[in-house]
Amino acid sequence: MTFRERLRALPTFTRPGLPAFDPDAAPATPHELFVAWLDDAIEAGLLAAHAATLSTADAAGHVHARTLLLKDLTADGWWFASQSTSPKGRDLAANPHAALTFFWPELGRQVKVTGSAAPAGPEASRADFLARPDASRAAGLVNHQSEPLASRQVYDRAFAEALRAVSADPELAAPDWTAYVVAPTEVEFWQAPDDGPHTRLLYRAGADAWTRGLLWP
């Protein structure tokens, strides 16, 4: 069997009992529907239900993607955090357009949030950093994300030093740590059925309210 044939033979959404989705009964805002779907994923015991793929592009249009964790959802949008000096931070400084994709295969669902990502103020960024566990704060303090690394031992020494620093000072924060919020212009909800075509519902941001409509599968 060729690799292509192996891929085509893999099952997709064959689990019976996928959630029903009636787009006519969807709430007025994508925020409400997202919270409901995330709650379903959490209740179903999905691992890292709040994980999303962040897609960005640099000034030249080169696209990059990585998986991170959602930090909050407010009326302003979907929140995540990173170093402003990281590749994604540099991308967003040059080109704020971004997308977050959430995928819950066990429920046959995905959500794509498209919009512009803007850095929050220093207070929000500092609060996000200080809320992290010590090990995560130490990793953030080391920084140098995605830069070439001579050896694992070099990182281990830097991490140990950073861990001692954050343990000694609970208020120590990485200066480049930044909270970002994606203000959505579109949010798409995708639901696979037990049998038949999937359903796609798209919310579009208007001047005063959201509009929503179906998309062809």
Side-chain angles (χ1 to χ4, degrees), residues 7-56 63-82 88 92 97-118 120 124 127-128 131-133 136 179-206 208-217:
L7 293 177
R8 292 182 67 86
L10 292 173
T12 52
F13 302 110
T14 57
R15 173 184 174 184
L18 291 175
F21 177 41
D22 178 7
D24 292 333
T29 72
H31 303 64
E32 297 170 86
L33 184 54
F34 179 85
V35 170
W37 278 26
L38 180 61
D39 285 343
D40 289 344
I42 294 171
E43 291 174 9
L46 274 59
L47 184 64
H50 58 327
T53 298
L54 171 69
S55 300
T56 60
V63 178
H64 307 106
R66 75 290 287 163
T67 300
L68 43 67
L69 298 179
L70 181 70
K71 291 300 188 75
D72 200 0
L73 173 59
T74 67
D76 293 326
W78 278 251
W79 292 70
F80 65 92
S82 179
K88 52 185 166 295
L92 293 172
H97 299 294
L100 286 166
T101 304
F102 298 83
F103 184 42
W104 302 301
E106 295 87 345
L107 299 177
R109 287 175 170 173
Q110 64 176 312
V111 177
K112 182 176 67 175
V113 181
T114 306
S116 294
D128 178 272
R132 295 161 64 88
S136 295
Y180 292 90
V181 57
V182 178
T185 54
E186 294 184 347
V187 184
E188 180 186 336
F189 293 82
W190 187 98
Q191 174 71 67
D194 282 337
D195 186 27
H198 52 264
T199 300
R200 296 173 64 190
L201 178 65
L202 180 67
Y203 286 81
R204 286 191 175 94
D208 300 311
W210 289 89
T211 62
R212 64 182 189 268
L214 295 174
L215 299 176
W216 283 78

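Atom set for the values below is all heavy atoms of this structure, side chains included, hydrogens, waters and symmetry mates excluded.
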Taking atom CG of Asp22 as the centre, does the number of heavy atoms from other residues, nucleotides or ligands within less than 6.0 Å exceed 12? yes
Heavy atoms of Ala98 and Leu54 approach each other most closely as CB-CD1, 4.1 Å
Answer yes or no: is there a side-chain heavy-atom contact under 4.5 Å between Lys71 and Arg132? yes
Evaluate the side chain to side chain contact (heavy atoms under 4.5 Å, CB included) criterion for residues Trp79 and Asp128: first the C-alpha distance (whole Å), next the side-chain angles of each, then the deciding distance (0.1 Å), finally the verdict. CA-CA 10 Å; Trp79 292 70; Asp128 178 272; over 6 Å; no
How close do Leu107 and Gln191 get, heavy atom to heavy atom, and via which atoms? O-NE2, 3.1 Å
CA sep, side-chain torsions, deciding dist, call: Val111, Leu100, side chain to side chain contact (heavy atoms under 4.5 Å, CB included): CA-CA 8 Å; Val111 177; Leu100 286 166; over 6 Å; no
Evaluate the side-chain proximity of Asp40 to Leu46: yes if any heavy-atom separation is below 4.5 Å, no if none is. no
Write down the atom of Val187, the atom of Pro30, and the distance for their closest heavy-atom approach. CB-CB, 3.7 Å
For Pro105, does its backbone N or O pair with a side-chain atom of Gln110 as donor and acceptor, under 3.5 Å? no
State whether the side chain of Arg212 and the backbone N or O of Ala26 hold a donor-acceptor pair below 3.5 Å, judged by distance alone. yes
Where is the tightest heavy-atom contact between Ser55 and Ala65, given as atom of each residue plus distance? OG-CB, 4.0 Å
Of all heavy-atom pairs linking Thr67 and Ala51, the shortest is CG2-CB, 4.1 Å
Between CG of Asp72 and NE2 of His50, what distance do you get to the nearest 0.5 Å? 12.0 Å
Closest non-hydrogen atom pair, Ile42 against Ala49: CG1-CB, 4.0 Å
Between Leu214 and Pro23, is any pair of side-chain heavy atoms under 4.5 Å apart? yes
Give a yes or no on this: more than 12 heavy atoms of other residues, nucleotides or ligands lie within 6.0 Å of atom CG of Leu7. yes
Taking side chain as C-beta onward, heavy atoms only, is Val182 less than 4.5 Å from Phe80? yes
Does the plane of the ring in Trp37 sit parallel, tilted or perpendicular to the ring in Trp104? Use 30° and 60° as the thresholds. perpendicular
Applying side chain to side chain contact (heavy atoms under 4.5 Å, CB included) to Trp210 and His31, what does each step give before you reach the verdict? CA-CA 11 Å; Trp210 289 89; His31 303 64; 3.9 Å; yes
In sequence, state the C-alpha distance, the side-chain angles, and the governing distance for Thr56 and Arg66, and then conclude on side chain to side chain contact (heavy atoms under 4.5 Å, CB included). CA-CA 9 Å; Thr56 60; Arg66 75 290 287 163; 3.0 Å; yes
Counting N and O atoms only, with roles assigned by atom type, does the side chain of Thr114 sit under 3.5 Å from a partner on the main chain of Thr185, one being a donor and the other an acceptor? no
Mind checking whether Lys88 and His64 have side chains closer than 4.5 Å, heavy atoms only? no
Where does the angle between the aromatic ring planes of Trp190 and His198 fall among parallel (under 30°), tilted (30 to 60°) and perpendicular (over 60°)? tilted
Kindly assign one of parallel, tilted or perpendicular to the pair Trp78 and Phe34, based on the angle between their ring planes and the thresholds 30° and 60°. perpendicular
Student check: side-chain heavy atoms of Leu38 and Phe102 closer than 4.5 Å: no
